[in-house]
*Asks:* 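Structure below; questions to follow.
Values reported hereafter were calculated over all heavy atoms of this structure, with side chains retained and with hydrogens, waters and symmetry mates removed.
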Amino acid sequence: MRTAIVTGGAGFIGSHLVDRLVAEGWDQVVVLDNLVTGSWENLAGHHPDRVRRIFHDVCEPWDETAWNLEGVDLVVHLASPASPVHYRRLALETMWANSRGTGHALEVARRFNARFILGSTSETYGDPLVSPQDEGYWGNVNPIGPRACYDESKRFGEALTMEYHRRYGLDVRILRFFNCYGPRMQQEDGRVVPNFIRQALTGEPLTVYGDGSQTRSFCYVSDEVEAIFQAAVRPGLAGEVFNVGNPEERTILSFAELVADLVGVPLRTVKAPLPADDPKSRCPNIQKARQLLGWEPKVPLREGLRRTIEYFRARLEASR
Ligand SMILES: NC(=O)c1ccc[n+]([C@@H]2O[C@H](COP(=O)([O-])OP(=O)(O)OC[C@H]3O[C@@H](n4cnc5c(N)ncnc54)[C@H](O)[C@@H]3O)[C@@H](O)[C@H]2O)c1
């Protein structure tokens with residue numbers, strides 16, 4: 001019997017990971033989520049025996065006895081607000097989820113001698129002074145700015161994870177996700193992909209922060225989940241850190257053009273000031289993931305966007 005715990009499994013990336021684990025024949029996936037940004041709707045269709053939904057704030061103590069967990073092979077810790085809109089609104093909650101929450105998840109992994117995967121972020125690099133970023137880069141982070149609640153708590157989570165590895169020999173793997181997109185993103189979470197798609201579909205101008213020359217790279221969610229899955233099943237990777245993202249870099253302005261083109265509307269933009277500490281570039285070096293996870297993104301941006309636009313179109317129509 002193979003059991004995995006996925007914290008934040010009712011969210012965007014987490015729910016796709018749950019789908020994948022079930023499809024790969026995992027016997028039980030236990031989802032811990034307090035639904036602060038996720039929804040059980042994302043797990044609709046899974047049988048409750050196979051996917052157990054436990055409403056729980058990961059910052060509170062975990063009661064595995066009450067949850068009747070007999071064995072756990074894998075813990076994937078994804079529970080954290082993830083978009084700037086959410087982590088500003090939930091700044092302290094974000095800090096606790098990535099510190100206390102990570103501690104609780106690590107303790108349970110230790111008790112069951114389970115493999116542990118930390119869902120970290122490219123934001124640990126802050127506003128990077130080198131591009132592309134590889135895993136050896138320490139970052140350029142403002143520790144007291146408005147993004148610090150996220151960046152610094154993720155960095156703390158990474159440090160804590162590595163200490164569990166050093167002290168207890170826990171088999172941990174850290175994944176630094178760069179921008180990921182796809183169906184089940186929330187329309188209103190303020191990230192550029194749902195923003196542009198929603199605005200294009202509703203006939204609004206697309207909001208471009210700054211002059212639009214800042215770059216981002218976008219990884220489709222099925223590719224992202226493939227990387228998590230490989231990190232979960234491959235032996236011999238304890239203590240390793242991986243960038244997970246698409247190295248194809250684009251300016252925000254050229255991304256706006258692409259979204260307008262795929263939605264089939266003329267490009268109209270409205271400018272807004274750049275948010276504080278907004279990174280000017282984001283581009284992963286994924287050489288290490290290529291070598292050790294046998295992974296690289298496969299879904300072309302146009303195709304991933306087409307699927308994501310269809311998802312948002314269907315949701316907009318359903319809400320009318
Ligand atoms: N989506 C991306 O582009 C991206 C990029 C970098 C890192 N990440 C990381 O990946 C993880 C998942 O992100 P996502 O995009 O799926 O976000 P999401 O908001 O869709 O999912 C996060 C999930 O965690 C849950 N959660 C938050 N705080 C919790 C708590 N205290 N207790 C229990 N559940 C809690 C939410 O309800 C939600 O279901 C996060 O850790 C995020 O930091 C995501």
*Asks:* Do His165 side-chain atoms and Leu170 backbone N/O form a donor-acceptor pair below 3.5 Å?
*Replies:* yes
*Asks:* Any chance you could measure Arg306, atom CZ, to Leu262, atom CG, to the nearest 0.5 Å?
*Replies:*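 Result: 9.0 Å between the selected atoms.
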*Asks:* Is the closest side-chain heavy-atom distance between Leu206 and Arg268 below 4.5 Å?
*Replies:* no
*Asks:* Could you check whether any side-chain N or O of Arg173 sits under 3.5 Å from a backbone N or O of Glu240, counting only pairs where one atom can act as donor and the other as acceptor?
*Replies:* no
*Asks:* With a 3.5 Å distance limit and no angle check, can you tell me whether Arg50 reaches the backbone of Val22 through a side-chain donor-acceptor pair?
*Replies:* yes
*Asks:* Could you check whether any side-chain N or O of Glu135 sits under 3.5 Å from a backbone N or O of Asn243, counting only pairs where one atom can act as donor and the other as acceptor?
*Replies:*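 Present.
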*Asks:* Does one side chain, of His77 or Thr7, offer a donor that lies under 3.5 Å from an acceptor on the other?
*Replies:*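 Yes.
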*Asks:* Do the side chains of Phe55 and Trp62 join up, straight or via other hydrophobic residues, at under 4.5 Å, putting them in one cluster?
*Replies:*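 No, it is not one cluster - the side chains of Phe55 and Trp62 are not joined through contacts under 4.5 Å.
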*Asks:* For side-chain contact (heavy atoms from CB on, under 4.5 Å), just list the numbers for Glu93 and Cys149, CA-CA rounded to whole Å, side-chain angles, deciding distance to a tenth of an Å, and then say yes or no.
*Replies:* CA-CA 9 Å; Glu93 290 81 352; Cys149 60; over 6 Å; no
*Asks:* Through direct or indirect side-chain contacts below 4.5 angstrom among Ile, Leu, Val, Met, Phe, Trp and Tyr, which residues connect to Leu274?
*Replies:*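 Same cluster as Leu274: Tyr209.
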*Asks:* Who pairs with Tyr181 by ring-ring contact (aromatic ring centres under 6.0 Å, His included), at least two apart in sequence or on another chain?
*Replies:*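 Testing Tyr181 for ring-ring contact (aromatic ring centres under 6.0 Å, His included), a comparison that skips the adjacent residues, returns Tyr220.
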*Asks:* So Val85 and Glu188, side-chain contact (heavy atoms from CB on, under 4.5 Å) or not? Walk me through it.
*Replies:* CA-CA 9 Å; Val85 166; Glu188 305 291 343; over 6 Å; no
*Asks:* Say whether Leu74 and Leu175 are linked into one hydrophobic cluster, either directly or through other cluster members, by side-chain heavy-atom distances under 4.5 angstrom.
*Replies:*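 Yes: a chain of side-chain contacts under 4.5 Å links Leu74 to Leu175.
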*Asks:* Tell me every residue that passes side-chain contact (heavy atoms from CB on, under 4.5 Å) with Thr94, counting only those two or more places apart in sequence or in another chain.
*Replies:*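 Thr94: side-chain contact (heavy atoms from CB on, under 4.5 Å) contacts with Ser80, Pro81, Tyr87, Leu90, Asn98, Tyr150, Ser153.
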*Asks:* Can you tell me if Ser83 uses its side chain to pair, donor with acceptor, with the backbone of Asp189 under 3.5 Å?
*Replies:*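 Looks like yes, one N/O pair under 3.5 Å.
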*Asks:* Under a 4.5 Å cut-off applied to non-hydrogen side-chain atoms, are Gln214 and Asp211 in contact?
*Replies:* yes
*Asks:* Hey, does the side chain of Arg234 reach the backbone of Leu293 with a donor-acceptor pair shorter than 3.5 angstrom?
*Replies:*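 Judged by distance alone, yes, a pair lies under 3.5 Å.
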*Asks:* Taking ring-ring contact (aromatic ring centres under 6.0 Å, His included) as the test, write out the residues that go with Phe156, two or more places apart.
*Replies:* none
*Asks:* Anything under 30° is parallel, anything over 60° is perpendicular, the rest tilted; go ahead and classify Phe12 against His16.
*Replies:*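 Because their plane-to-plane angle is over 60°, the rings of Phe12 and His16 count as perpendicular.
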*Asks:* Test of understanding: with side-chain contact (heavy atoms from CB on, under 4.5 Å), list the residues that count as partners of Ala227, not counting sequence neighbours.
*Replies:*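 For Ala227, the residues satisfying side-chain contact (heavy atoms from CB on, under 4.5 Å) (neighbours in sequence not counted) are Val244, Trp295.
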*Asks:* If hydrophobic clusters are built from ILVMFWY residues whose side chains come within less than 4.5 Å, do Leu43 and Val30 share one?
*Replies:* no
*Asks:* Salt bridge between Arg320 and Glu317, side-chain N to carboxylate O under 4.0 Å?
*Replies:*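 Salt bridge between Arg320 and Glu317, a charged N being under 4.0 Å from a carboxylate O: no.
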*Asks:* When you check the side-chain N and O atoms of Ser217 and Glu248, is any donor under 3.5 Å from an acceptor?
*Replies:*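 There is no such pair (donor and acceptor under 3.5 Å, judged by atom type) between the side chains of Ser217 and Glu248.
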*Asks:* Other hydrophobic cluster members with Val130, side-chain heavy atoms of Ile/Leu/Val/Met/Phe/Trp/Tyr under 4.5 Å, chained?
*Replies:* Tyr125, Leu129, Tyr137, Phe178
*Asks:* Using a distance-only test with no angle check, is there a side-chain donor-acceptor pair under 3.5 angstrom linking Thr207 and Gln199?
*Replies:* yes
*Asks:* Flag this pair as yes if the NZ/CZ of Arg250 is under 6.0 angstrom from the six-membered ring centre of Phe255 and inside a 45 degree cone about the axis; otherwise no.
*Replies:*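 Negative - Arg250 is either too far from the ring of Phe255 or too far off its axis.
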*Asks:* Please, which pairs that meet salt bridge (Lys or Arg N to Asp or Glu O under 4.0 Å) have at least one residue in residues 77-87, sequence neighbours excluded?
*Replies:*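 For residues 77-87: none.
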*Asks:* Please walk me through it: do Thr161 and Leu106 pass side-chain contact (heavy atoms from CB on, under 4.5 Å)?
*Replies:* CA-CA 7 Å; Thr161 299; Leu106 282 162; 4.0 Å; yes
*Asks:* When rounded to the nearest 0.5 angstrom, what distance separates NE2 in His104 from OG in Ser99?
*Replies:* 9.5 Å
*Asks:* Do Lys271 and Thr269 come within less than 4.5 Å of each other through their side chains, counting heavy atoms only?
*Replies:* yes
*Asks:* Give the C-alpha distance, both sets of side-chain angles, the deciding distance and a yes or no for side-chain contact (heavy atoms from CB on, under 4.5 Å) between Arg191 and Asn179.
*Replies:* CA-CA 9 Å; Arg191 285 184 270 196; Asn179 287 350; 5.9 Å; no
*Asks:* Please check if the side chain of Thr251 supplies one atom and the backbone of Ser254 the other of a donor-acceptor pair under 3.5 Å.
*Replies:* yes
*Asks:* Report the residues that fulfil side chain to side chain donor-acceptor pair (under 3.5 Å) with Asp127, sequence neighbours left out, ordered by chain and then residue number.
*Replies:*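 Testing Asp127 for side chain to side chain donor-acceptor pair (under 3.5 Å), a comparison that skips the adjacent residues, returns Lys280.
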*Asks:* Answer whether the closest heavy-atom distance between the side chains of Ile197 and Leu305 falls below 4.5 Å.
*Replies:* yes
*Asks:* So, Asp33 side chain and Ala10 main chain: donor-acceptor pair closer than 3.5 Å or not?
*Replies:*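 Yes: the side chain of Asp33 pairs with the backbone of Ala10.
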*Asks:* Is Leu21 linked to Ile54 within one hydrophobic cluster, defined over Ile, Leu, Val, Met, Phe, Trp and Tyr using a side-chain heavy-atom separation of less than 4.5 Å?
*Replies:* no
*Asks:* Distance-only, no hydrogens or angles: does the Arg110 side chain make a donor-acceptor pair with backbone N or O of Ala105 under 3.5 Å?
*Replies:* no
*Asks:* Between Arg115 and Ala232 (side chain of the first, backbone of the second, donor and acceptor by atom type, cut-off under 3.5 Å), is there such a pair?
*Replies:* yes
*Asks:* Apply side chain to side chain donor-acceptor pair (under 3.5 Å) to Ser131 and list each qualifying residue two or more places apart in sequence or on a separate chain.
*Replies:*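 Applying side chain to side chain donor-acceptor pair (under 3.5 Å) to Ser131 gives none.
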*Asks:* Regarding Arg184 and Ser15, do their side chains bring together a donor and an acceptor under 3.5 Å, going by distance alone?
*Replies:* yes
*Asks:* Could you measure the distance from the CZ atom of Phe177 to the OG1 atom of Thr121? Nearest 0.5 Å is fine.
*Replies:* 9.0 Å
*Asks:* Can you name the residues that form a side-chain contact (heavy atoms from CB on, under 4.5 Å) with Arg315, not counting sequence neighbours?
*Replies:* Glu41, Gln187, Tyr311
*Asks:* How many angstroms lie between atom CZ of Arg302 and atom CD1 of Ile309, to the nearest 0.5 angstrom?
*Replies:* 9.5 Å
*Asks:* Nearest 0.5 Å, what's the SG-CZ distance between Cys59 and Arg100?
*Replies:*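 If I round to the nearest 0.5 Å, the distance is 7.0 Å.
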*Asks:* Name the one of Lys154, Arg147, Arg155 that satisfies side-chain contact (heavy atoms from CB on, under 4.5 Å) with Glu123?
*Replies:* Arg147
*Asks:* From the options Thr102, Val241, Ile174, select the one residue that forms a side-chain contact (heavy atoms from CB on, under 4.5 Å) with Ser120.
*Replies:*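 Exactly one option meets the side-chain contact (heavy atoms from CB on, under 4.5 Å) with Ser120, and it is Ile174.
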*Asks:* State the CZ-CZ distance between Arg313 and Arg198, to the nearest 0.5 angstrom.
*Replies:* 15.0 Å
*Asks:* Applying the side-chain contact (heavy atoms from CB on, under 4.5 Å) criterion to Asp73, which one of Asn113, Asp27, Ile5, Thr3 satisfies it?
*Replies:*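 Testing Asp73 for a side-chain contact (heavy atoms from CB on, under 4.5 Å) against Asn113, Asp27, Ile5, Thr3 leaves exactly one candidate, Thr3.
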*Asks:* With no hydrogens and no angle check, do the side chains of Asp63 and His56 hold a donor and an acceptor under 3.5 Å apart?
*Replies:*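 Side chains of Asp63 and His56: no pair found under 3.5 Å.
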*Asks:* Is there a side-chain contact between Trp96 and Asp57 in this structure, where contact means two heavy atoms from C-beta onward sitting under 4.5 Å apart?
*Replies:*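 Not in contact.
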*Asks:* Holding to ring-ring contact (aromatic ring centres under 6.0 Å, His included), I want the full list of residues that pass it with Phe112, two or more places apart in sequence or in another chain.
*Replies:*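 Per chain and number, Phe112 pairs via ring-ring contact (aromatic ring centres under 6.0 Å, His included) with no residue.
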*Asks:* So does Arg111 pair up with Glu64, basic N to acidic O under 4.0 Å?
*Replies:* yes
*Asks:* Residues two or more places apart in sequence or in another chain: which of them pass ring-ring contact (aromatic ring centres under 6.0 Å, His included) with Phe242?
*Replies:*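 Partners of Phe242 by the ring-ring contact (aromatic ring centres under 6.0 Å, His included) criterion come out as none, since no residue qualifies.
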*Asks:* Under 4.5 Å between any side-chain heavy atoms of Arg52 and Val31, yes or no?
*Replies:*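 Sidechains of Val31 and Arg52: no contact.
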